[in-house]
Amino acid sequence: MKKMKTVLLCVFLCILGVCLSACQAGGLPSTANAALTYRLSDEPVTLDPQIAADTNAMITIEALFEGLTRLDADNEPIPGAAESWSSNTDHTVFTFQLRENAVWSNGDPVTAQDFLYAFQRALDPATGSTTCEPMYCIKNAEQIRAGTLPVSELGVSAQGDFTLIVELEYPYEEFPALTATTPFMPCHEEFFLSCEGQYGLDARYVLGNGPFTMASRYAWEHGESISLTRSETYQGEDAVYPSSLTLPIGSLEEGKSLQALLDGTTCAASITVGELAAAEEAGCKITSFQDTTWGLVFNTSSESLKDEVIRKAFIQTLDREKLLEYLPEETIAASDILSPSTVFHGSNYRQLAGSGFFLPQDASAFANAQSFLSSQEQQNMPSITVLCPDDEAVKRMVNEMLIAWNETMGQYFNMEPLSRTELERRVSSGNYDMALYPLQASGEEPQQVLSLFTSGREDNPAHLQSAEYDALLSSLHTLSSEEMLARLVSAEKYLNDHAVFYPLYYESHYYATAPGITGVIFHPYGRGIDFIRAGEE
C-alpha cells in the first residue's frame with residue numbers, strides 16, 4: 001500500500017510539474033521562449049514612429065510599438081491595440097474599439113487620445129515627417145500637412161478613452177491595414193514632451209506599447225546593438241513568443257546571408273537569388289515579394305539630360321527585345337513603372353489602368369535629337385556614363401545599350417558598375433546622368449511610387465522639377481475614385497512620355513528564416529518584420 005501511495009504521489013507530482021510548466025509559459029507553444037537574434041543592416045536614424053523612414057527603424061519600431069492593427073502572415077489586418085473595428089456602409093468612417101487593459105511599458109493606459117495625438121503629430125508640418133503620405137486618405141490630412149489647415153481639423157476624434165473614430169476623404173475598405181504601419185503608431189504625449197527633443201534617439205527616450213521593450217535604459221548601444229526583451233505589460237491578441245530579441249547593428253557581407261542563417265548569426269535575413277536554392281535545400285523557409293521595378297532613370301537636373309528630346313533619343317534607339325534577352329535570374333520583363341501587384345482602392349491597378357506605357361522604339365528619335373542639338377549650336381549627343389549594379393547579366397544588358405548607342409550616334413558611351421548601396425547613394429546625391437536603378441514601392445497604392453518623383457523630394461531619383469507633374473498628384477483627396485484613377489494614370493504616363501523612367505524588369509525580394517525558426521512574418525515594401533510569434537523548434 002505504501003508503495004502504491006509513492007507511485008501515485010510521483011504521478012501527481014509529474015502532472016503538477018507539467019501544469020506548472022504550462023502556466024509559467026503562459027500557454028505558449030513548445031517553440032516559444034527563444035532568445036532570437038536579427039542583424040540590422042544599419043543603425044536606425046530614430047525610433048520615433050512618426051518620422052522614422054528606414055527599414056531598420058521600422059523593424060525595431062514594430063517590436064516596440066503596436067498600432068490599432070497588426071498584420072498576419074498574409075499581411076491582412078488583425079486586432080492590435082484595437083480589439084475590434086467597424087465601418088459605415090461606404091467605408092469612409094471607421095470606428096476602432098481599443099483594449100481597455102492595454103498599457104504602455106511604464107504602466108500607463110493606452111488611450112484613444114494617444115492615437116489622436118500621434119496622427120496629428122505625424123501630419124503637423126512642424127514634425128517634418130516624410131512617411132505620413134499614407135495618412136492622406138484621412139479627412140483634411142493633406143491640407144494639414146501642407147500647412148493650410150490646423151491639426152485640430154484632422155478627421156480623427158476620441159470618444160472617451162477607448163473609442164477612436166477616423167473619417168476618410170474617400171471610400172477605402174483596406175484602411176485598417178494601414179494602421180499597422182509606423183506613422184500610425186500611438187504616441188504618449190506627456191512622455192514625448194518630457195524628452196525635450198530627444199524622443200526616439202536613445203533607449204531612455206523610447207516608451208512603447210508593443211510586444212517588446214528595451215532591456216534596460218542602456219539597451220541601445222549606438223553602433224553596436226539594440227537589446228529587447230519580452231514586455232511584461234503587453235496585452236495583445238496573442239502572447240509574445242520570444243523571450244528576447246537582440247538586434248546587432250551592421251550589415252552582413254554581400255552574399256553571406258545564408259551562412260549567417262546557418263551559423264546562428266541571425267534568425268532571418270534577406271537573401272540573394274544566388275543563395276535561394278541552397279537556402280531551400282538547407283531547410284530555410286522562404287518568403288518573396290515582387291515589389292521593385294528596375295529601369296533606366298535619367299537625372300533630369302543634369303546639364304546633359306535636362307532636355308526631354310535627348311532623353312527620348314537614348315530610350316527610343318534601343319532594341320527592347322534584344323535588351324530583354326539579358327534579364328537577370330528570377331526577374332521578369334516589366335511593361336510598366338508600377339508593378340502588376342499595385343492596388344487602387346482594393347482593386348488591381350493594372351487591370352484598371354491598362355498597361356504598356358513605355359516609349360516604343362522610334363527611328364526618328366535620334367534625328368529629332370540632332371535637330372534640337374543643331375538649334376542649340378551643338379554637334380554631338382552628350383557623352384554619358386550609365387551607372388548599373390555589378391551583376392553579370394545586368395552588365396551584359398547595359399553593354400547592349402552602349403553598343404546600340406555607339407552604332408546609332410557615332411560616339412562612345414560608358415558604364416560604371418557599382419554595389420547596390422553605392423548605386424543608390426550616387427542616384428540619391430544626383431551625382432550621375434543615367435542609371436539602371438531599382439524603384440521600390442513603399443506600399444501597394446500607385447501614389448506611393450508616383451509621389452517619389454514630385455518636386456522637392458530628397459529621395460526623388462530623377463531629381464525632377466515639374467509643376468505639371470506635381471499638379472497631377474496634388475489634391476487627390478478632392479476627387480472621385482474615377483477622377484483620382486485618371487490622374488494617377490496620367491502621372492504614370494508622364495514619367496514614360498517625358499523619358500524620366502524607362503521600365504525594364506520586375507524584381508522580387510527574397511527573405512529567409514534559419515532552419516528551425518518559425519513564425520517570423522515579413523512585410524512587403526520594406527515595411528519591416530514581425531517577431532511576436534517567432535519561435536525555435
Side-chain angles (χ1 to χ4, degrees), residues 26 44 46-52 57-71 77-85 96-122 131 156 158 160-164 166 176-195 199-217 219-220 226-242 244-245 247 521 523 527-534:
T46 176
L47 295 179
D48 177 347
Q50 275 65 62
I51 63 174
M58 292 178 186
I59 291 170
T60 311
I61 287 168
E62 185 165 359
L64 291 166
F65 291 82
E66 181 168 79
L68 294 166
T69 66
R70 300 187 75 86
L71 299 177
I78 57 175
E83 62 184 2
S84 64
W85 59 88
F96 294 88
Q97 193 63 41
L98 274 62
R99 301 178 191 281
E100 296 190 11
N101 61 347
V103 295
W104 292 92
S105 56
N106 69 352
D108 289 350
V110 176
T111 68
Q113 182 63 37
D114 295 326
F115 283 94
L116 173 59
Y117 180 69
F119 289 15
Q120 290 178 338
R121 182 175 163 262
T131 60
V156 181
D161 287 338
F162 304 110
T163 301
L164 188 77
V166 182
L178 279 184
T179 68
T181 59
T182 52
F184 292 85
M185 301 292 181
C187 183
H188 189 298
E189 182 176 5
E190 183 181 350
F191 179 81
F192 171 79
L193 295 174
S194 73
C195 293
Y199 183 65
L201 298 181
D202 193 69
R204 293 169 293 169
Y205 303 118
V206 174
L207 179 66
N209 68 319
F212 298 91
T213 188
M214 291 288 184
S216 73
R217 62 187 282 114
W220 187 352
I226 300 174
S227 300
L228 308 181
T229 187
R230 181 163 54 206
S231 173
E232 297 301 321
T233 61
Y234 177 73
Q235 300 290 334
E237 188 79 357
D238 296 307
V240 185
Y241 288 9
S244 64
L245 178 61
L247 305 170
I521 297 176
H523 302 310
R527 284 180 173 173
I529 305 173
D530 193 350
F531 293 98
I532 190 171
R533 288 179 291 276

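Computed from a predicted structure; not experimentally measured.
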Give a yes or no on whether the backbone of Thr111 and the side-chain of Asp161 come within a donor-acceptor separation of less than 3.5 Å. no
Test item: Glu66 side-chain N/O and Gly208 main-chain N/O as donor-acceptor pair under 3.5 Å: no
Exam field: side chain Gln97 to backbone Trp85, donor-acceptor pair closer than 3.5 Å: no
Are a donor atom and an acceptor atom from the side chains of Gln235 and Arg99 found within less than 3.5 Å of each other? no
Side chain proximity check, Ile521 to Leu71, heavy atoms < 4.5 angstrom: no
Tell me yes or no: between the side chains of Thr179 and Thr69, is some donor less than 3.5 Å from an acceptor? yes
Which atoms form the tightest heavy-atom contact between Leu245 and Ala63, and what is the distance? CD2-CB, 4.3 Å
Write down the atom of Phe162, the atom of Val110, and the distance for their closest heavy-atom approach. CE2-O, 3.8 Å
Donor-acceptor pair, Arg230 side chain versus Tyr241 backbone, under 3.5 Å? yes
Quick one: do Phe184 and Leu178 satisfy side-chain contact (heavy atoms from CB on, under 4.5 Å)? Show the steps, please. CA-CA 8 Å; Phe184 292 85; Leu178 279 184; 4.1 Å; yes
Measuring only between side-chain heavy atoms, which start at C-beta, is Ile61 closer than 4.5 Å to Asp48? no
Restricting to non-hydrogen atoms, name the atom on Ser216 and the atom on Ala203 that form the minimum distance, rounded to 0.1 Å. O-CB, 3.8 Å
